[in-house]
Protein chains: 2
Amino acid sequence: MSRRGMAARNQRSEALSKDRIVEAAIALLDAGGAQALTFRALAARLETGSGAIYWHVADKNELLAAATDHVVARVIADIADEADPRAAIRAVALAMFDAIDAHPWAGPQLFREPWRSSMPLIFERVGAPLMALGLTGRRLLDSASALVHYILGVAGQNAANPRLAPQDVDREAFLAHVAAQWMQLDPEAYPFVHQTALQMRDHDDRAQFLFGIDLILAGITR
Amino acid sequence: MSRRGMAARNQRSEALSKDRIVEAAIALLDAGGAQALTFRALAARLETGSGAIYWHVADKNELLAAATDHVVARVIADIADEADPRAAIRAVALAMFDAIDAHPWAGPQLFREPWRSSMPLIFERVGAPLMALGLTGRRLLDSASALVHYILGVAGQNAANPRLAPQDVDREAFLAHVAAQWMQLDPEAYPFVHQTALQMRDHDDRAQFLFGIDLILAGITR
DNA sequence: AGGTGGATTGGAACGGCGTTCCATTCATGT
DNA sequence: ACATGAATGGAACGCCGTTCCAATCCACCT
């Protein structure tokens with residue numbers, strides 16, 4: 001922590017640091033999912049011992065939170081500025097959707113300890129355009145909250161879906177399987193599910209997600 | 001599985017069964033959260049060995065899914081019928097909200113393997129009233145999907161919050177702590193968060209949740 | 001009534017995990 | 001040069017999910 005410590009860290013060859021650890025953790029998570037992040041695998045990749053990692057990181061929770069923050073912060077920062085508030089909200093929503101699609105392990109983490117992680121960043125990017133739309137007070141907070149909950153809800157849900165093959169082959173087979181299951185349900189007890197099963201098979205996650213955003217925006221601004 | 005097997009199960013004193021196991025699992029989960037459910041604790045409570053449990057349950061995933069299904073199915077079945085479609089949707093939403101508030105461990109599980117669990121049940125209870133509102137086709141499916149995602153998003157988020165003390169004392173201290181953190185952020189970089197931090201401290205989760213439902217309903221029916 | 005064999009049990013054992021512990025090494029101020 | 005605290009890395013601990021298997025049970029057959 002002192003000047004001394006920081007100087008030492010820079011001169012030891014390939015010294016450990018929280019940044020290097022988080023970077024390696026993200027690489028492991030992206031490559032093999034949540035279960036691929038273990039302190040042993042991490043130590044092997046960093047060519048050190050598991051004990052050394054604990055000098056820089058309190059525990060696995062903190063490591064996962066830091067990895068998620070890292071990913072979310074970068075994605076949020078990369079969002080292009082939009083003049084129209086509605087477009088700005090759509091941009092944030094899509095950015096989060098794509099981020100969790102690319103890093104599915106981050107979805108559950110955003111639920112586990114929401115207050116700790118980059119939640120304020122997300123709330124800000126959703127809430128600021130709502131202020132520009134003229135919302136204030138309780139309605140402002142509640143509307144932002146609805147949008148953020150919806151965004152994270154869809155993102156978390158999608159993260160649970162099996163990983164997509166490059167050719168989308170697995171995805172189609174998977175959706176067909178679920179649709180078949182839904183259609184086997186009793187049409188009298190499950191009229192809605194039975195009827196919409198086919199459309200479910202062909203639906204586009206991204207488009208459906210955006211439809212929901214527009215639904216909420218319509219409710220907010222009507 | 002044969003007639004023989006079922007008869008045997010009934011006559012062995014306190015014979016194991018998937019139902020008894022799931023019941024005990026729910027008790028453990030409610031008492032100590034997700035981390036309290038271990039096969040050793042389960043075996044101790046059922047006065048048997050961990051190996052015996054595997055005869056009735058494939059693995060921990062299936063056990064968690066069964067426990068979640070059990071809770072969700074009961075809650076869904078208990079919902080009073082509502083004539084007004086909007087009221088029916090609000091009733092389902094509140095039922096799910098309260099269910100996950102009472103059994104926070106079920107929140108993450110509904111995200112992990114959505115297609116396997118009681119998802120069709122939830123979709124049906126949300127989608128049927130939408131059909132009564134005259135929605136059809138893609139708009140019907142996408143609207144139901146938005147509602148379900150929102151409901152589960154909020155529920156999952158709330159499940160992550162620390163358990164409430166009987167007197168709501170811990171909750172207030174917790175919200176005050178988060179609000180204080182939010183207010184410490186730079187007002188120029190975080191105008192929205194900084195401004196709404198105080199209302200966040202006093203907000204009512206349930207009311208905020210219902211506000212979001214009404215927002216989506218307004219978007220759907222306008 | 002007694003034996004038989006599949007259904008069921010329960011406890012030991014295995015490998016892997018997060019975490020702790022601690023002897024050792026390193027970079028620096030004196 | 002040496003002393004000192006920061007940092008390292010590998011062994012060890014306790015717990016987990018899961019597997020394995022000898023022992024037990026019980027519906028059925030003879």
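Residue numbering restarts at 1 for every chain, and letters A, B, ... go by the order of the sequence lines. Values below: all heavy atoms of this structure, side chains included; hydrogens, waters and symmetry mates excluded.
- Side-chain nitrogen and oxygen atoms of B:W55 include none within less than 4.0 Å of the OP1 or OP2 phosphate oxygen of C:dT9.
- For A:K60, whose side chain is taken as the heavy atoms from C-beta onward, the closest listed nucleotide among D:dT8, D:dT18, C:dG18 is C:dG18.
- For the side-chain contact (heavy atoms from CB on, under 4.5 Å) test, residues two or more places apart in sequence or in another chain that qualify with B:A155 are B:I100.
- The salt bridge (Lys or Arg N to Asp or Glu O under 4.0 Å) search around A:R90 returns A:D214, not counting sequence neighbours.
- If you measure from atom CG of B:D59 to atom C1' of D:dC16, you get 14 Å, rounded to the nearest angstrom.
- Taking the six-membered ring where tryptophan is involved, the planes of A:H149 and B:Y150 are perpendicular, since the angle between them exceeds 60° and thus also 30°.
- Where A:L46 and B:S50 meet DNA chain D, the nucleotide closest to each residue was compared, and A:L46 sits on the side nearer the 5' end.
- One interatomic measurement links the two molecules: CG of B:L63 to P of D:dG17, which rounds to 10 Å at whole-angstrom precision.
- The interatomic distance linking B:E62 (CD) with D:dT18 (P) rounds to 11 Å, in whole Å.
- Applying the ring pair (Phe, Tyr, Trp, His ring centres under 6.0 Å) test to every pair with at least one member in residues 181-208 of chain A, sequence neighbours left out, gives these pairs: A:W182-B:F123.
- Of the residues in residues 21-42 of chain A, those with a non-hydrogen atom less than 4.0 angstrom from any atom of DNA chain C are A:L37, A:T38, A:F39, A:R40.
- Between A:H56 and D:dT8 there is a side-chain polar atom (N or O) within less than 4.0 angstrom of OP1 or OP2.
- One interatomic measurement links the two molecules: OH of B:Y54 to P of D:dT19, which rounds to 7 Å at whole-angstrom precision.
- Pairs engaging residues 19-37 of chain A under the side-chain hydrogen bond (donor to acceptor under 3.5 Å, both in side chains) rule: A:D30-A:H103, A:D30-A:W105 [sequence neighbours left out].
- Here B:A88 pairs with B:E82, B:P129 under the side-chain contact (heavy atoms from CB on, under 4.5 Å) rule; sequence neighbours left out.
- Rounded to whole Å, the distance from CG on B:L16 to C1' on D:dC26 is 16 Å.
- Take the nearest nucleotide of DNA chain C for B:I53 and for A:A58: the residue whose nucleotide is more 5' is B:I53.
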